[in-house]
Asker: 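I am attaching a structure below and will ask some questions about it afterwards.
Remember, predicted model here, so these are calculated numbers, not experimental data.
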Amino acid sequence: MAETQRALLAARISVDTDESTSIPRQLEKLHTWAQGLGHDVAGVVEDRSVSGSVDLPERPSMGPWLTEEGREEWDVLAVTTQDRLSRDDLHFMAFVKNVLDWGKTLVVLDDPSFDIATETGRLIAYAKATQAAAELRKIRQRVADARDYLRRNGLFAGGHTPFGYIYADSPDGRHYVLMPEAKYAKLLKEISERVRAGVSTNQVARELNAKGVLTWRDYLRELRGKDPRRRNGTALTEPKGTNWSPQVVQRILKHPSCAGFLAYKGEPYEDDQGNLVMATEYPILTNAEWQATVAAIKSRGVSDIRRTNQASLLTGVARCGECGARMFCHRLKKTLATGEVKTYRHYSCTARSKGMPCSSPARIPEDLLNDVFEEALLSRLGELPEVVKVTEPGEDHTAELDQVTARLLRLEKDYENGRYDEPEKEESYWRMHGNLTRKQKELKAKPVRPAVTRYVETGLTWAQKWGGMRTEQRRDYLTGRDVRVYVWKQAIPNVAHGVVVSLGDLKQLAHAAGLDAASVEGWQMTGWNVPAHWTNPELREFVTEEVPEVLKVQ
């Protein structure tokens, strides 16, 4: 009678779906084998959606059993077929050596002759491992060739479904193509228009979360749950409740699929002729709209404002007038003699905390600075109609022309270096060269139409707009329009606190809202408890006192 051993039963599948029965079938065979020999089942390994090329110690389910502690729990490792262990010959033989060093045993159910205890057995096992590795390489090449074919023909090659599209049967019924999904295609258009109008991706994300709009991945899961032909597993058909973030919004808008282009590694895919391949006949955005949206995102840069649960209006907007360093709102709690705990909130210069010199760091109560700023802002803009800047994309093929020209230069360089010396290759070279040259001429001949910017009234006054915004929205609005607030500890002798408000690009909006150029000129700077010539350039020639450096560029 065979000696009773502690058996570790291992099952693996490369691509797991809810319809797949591979793992249950493998485990059924393994349990029957263990029961027939009277072995105790020490544990069960289920590595789902794990490629055979992944080394065994790195697999999520198998890995813990191969640690020093895990190895103490089993004597024999059993699989149904050898390729369930590995499809990499080097990984397989390294694992065999470890198993022997550990004093363990391997069993392959479909191969009774499998025996790593003898040289001949190891040689046979290694030969089968090399066959599995060769088959894996063939599989990968077939998959790569298939995906390349699909990409070149504008067909959906699988993977993540781009935002705003769903896949449908191709005309031949053998493949898939992308089609706009009505609800989220409309949402993509709206988001793009708002970002081009100057709305920050922070604000877009907050509003989508506030409205309870599902993220794209969650919406796809919901669609699967409503389609009886799709998977029934709850993990893939129930929304996870993921929140929108500015980074997600930016990633969506920067993706080439917005304009219908097929993407490969995040970039528009080109065919052999240097043409951009379309992924759909029905792009949600035009190329010009997409390019303008991407440009709008890049123009805003990356905000380095620290986000906190207690938002402060002028964080990232206020600067120390003495040294120019940013001011952040600090909170200090104190217990009064009465036992009451009171919180004091001040904007403070951050220069010294960052090891920078500042001879007179500014510090001012939060409420006071907010009041001074809002008075300056609303007294200038409050009664004016709110306007938003809308940019209508022009027609400019410069970027595409540059891509074609660069591809043509690379091709000619390869030809000079002898990569097309063979007759068949030379024929291919001249065909590609002719196609690229023709494409270059076509692009040069296309008209260039500049983008048009116009200002549109929203129907609200600026005060109404400001009153309806949350603190985070106000802050994003100000930072996106280069508004600055400069604070001094003492700008006038014996008078605490001095402030200068510079309204930045809001001057342009005021002009667009109806103020003539003469009345707008100079008003964008407002002073509070500072010398008059600091905010009035016309007075500077009559005063010998210097103006602070931070105001000279205003």
Side-chain angles (χ1 to χ4, degrees), residues 147 149-197 199 201 204-205 207-209 211-231 236-237 239-240 242 244-245 247-271 275-297 390-393 395 399-400:
R147 288 183 177 273
Y149 169 81
L150 295 173
R151 280 193 293 267
R152 284 187 285 105
N153 288 275
L155 299 168
F156 183 52
H160 293 303
T161 309
F163 188 96
Y165 297 92
I166 53 176
Y167 58 87
D169 291 335
S170 61
D172 62 10
R174 299 172 57 190
H175 303 290
Y176 295 107
V177 293
L178 293 176
M179 300 286 292
E181 195 283 325
K183 181 177 179 180
Y184 274 64
K186 180 181 178 181
L187 179 61
L188 178 58
K189 280 181 171 292
E190 292 173 353
I191 294 174
S192 171
E193 290 172 359
R194 298 198 69 206
V195 169
R196 296 201 306 272
V199 178
T201 52
V204 170
E207 292 177 356
L208 292 172
N209 287 326
K211 294 176 182 178
V213 178
L214 293 178
T215 59
W216 178 238
R217 298 297 170 214
D218 272 353
Y219 185 65
L220 288 179
R221 294 184 182 102
E222 187 178 78
L223 289 181
R224 292 190 189 107
K226 296 177 179 179
D227 188 346
R229 299 171 299 172
R230 303 299 302 277
R231 302 170 182 173
L236 294 171
T237 59
K240 293 183 177 180
T242 308
W244 293 83
S245 70
Q247 294 75 23
V248 168
V249 175
Q250 292 175 23
R251 187 162 59 245
I252 289 170
L253 294 176
K254 289 180 179 179
H255 199 275
S257 63
C258 289
F261 295 125
L262 195 66
Y264 181 58
K265 296 183 177 179
E267 298 293 333
Y269 180 77
E270 295 180 3
D271 62 16
N275 298 313
L276 296 178
V277 177
M278 297 297 290
T280 177
E281 293 184 46
Y282 310 99
I284 298 174
L285 303 179
T286 67
N287 187 22
E289 288 172 337
W290 177 56
Q291 296 285 358
T293 304
V294 173
I297 293 173
V390 177
T391 301
E392 297 177 354
E395 185 177 1
E400 191 177 355

Asker: What heavy-atom pair brings T161 and W216 nearest, and what distance separates the two atoms?
Answerer: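 Nearest heavy atoms, T161 then W216: O-NE1, 2.9 Å.
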Asker: Checking D218 now: which residues fulfil side-chain contact (heavy atoms from CB on, under 4.5 Å) with it, not counting sequence neighbours?
Answerer: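 Counting only residues at least two positions away or on another chain, D218 forms a side-chain contact (heavy atoms from CB on, under 4.5 Å) with L214, T215, R221, P239, K240, T242.
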Asker: Which atoms form the tightest heavy-atom contact between P283 and A259, and what is the distance?
Answerer: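 That closest heavy-atom pairing would be CB-O, 3.2 Å.
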Asker: Using only atom types and a distance under 3.5 Å, with no angle test, would you say the side chain of W290 pairs donor to acceptor with the backbone of G260?
Answerer: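 The answer is no, because no donor-acceptor pair under 3.5 Å joins these two groups.
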Asker: Looking at CG of L187 and CD of E181, how far apart are the two atoms once the value is rounded to the nearest 0.5 Å?
Answerer: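 L187 CG to E181 CD: 10.0 Å, rounded to 0.5 Å.
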Asker: So, N209 side chain and W244 main chain: donor-acceptor pair closer than 3.5 Å or not?
Answerer: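 Answer holds: yes.
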Asker: As a quick check of understanding, evaluate side-chain contact (heavy atoms from CB on, under 4.5 Å) for I252 and I191, giving each step before the final call.
Answerer: CA-CA 10 Å; I252 289 170; I191 294 174; over 6 Å; no
Asker: Please enumerate all residues that pass salt bridge (Lys or Arg N to Asp or Glu O under 4.0 Å) together with E190, with sequence neighbours excluded.
Answerer: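 Per chain and number, E190 pairs via salt bridge (Lys or Arg N to Asp or Glu O under 4.0 Å) with no residue.
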Asker: I need the single residue from R196, K189, R194 that forms a side chain to side chain contact (heavy atoms under 4.5 Å, CB included) with S192. Which is it?
Answerer: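 Result: among R196, K189, R194, R196 is the only option passing the side chain to side chain contact (heavy atoms under 4.5 Å, CB included) with S192.
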Asker: Working to the nearest 0.5 Å, report the span between CG of L253 and CD1 of I297.
Answerer: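 Reported value, rounded in 0.5 Å steps: 4.5 Å.
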Asker: So how far is it from Q247 CD to T201 OG1, rounded to the nearest 0.5 Å?
Answerer: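 One gets 7.5 Å once the value is rounded to the nearest 0.5 Å.
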Asker: Rounded to the nearest 0.5 Å, how far does CD1 of I166 lie from NZ of K183?
Answerer: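 Rounded to the nearest 0.5 Å, the NZ-CD1 separation comes out at 13.0 Å.
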Asker: For the pair Y219 and Y184, name the ring-plane relationship: parallel under 30°, tilted 30 to 60°, perpendicular over 60°.
Answerer: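 It falls in the parallel class, under 30°.
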Asker: Looking at A185 and I284, what are the two nearest heavy atoms and their distance?
Answerer: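 Here A185 and I284 meet closest at O-CG2, 3.5 Å.
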Asker: Between CD of Q250 and OG of S245, what distance do you get to the nearest 0.5 Å?
Answerer: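 So the CD of Q250 and the OG of S245 are separated by 8.5 Å.
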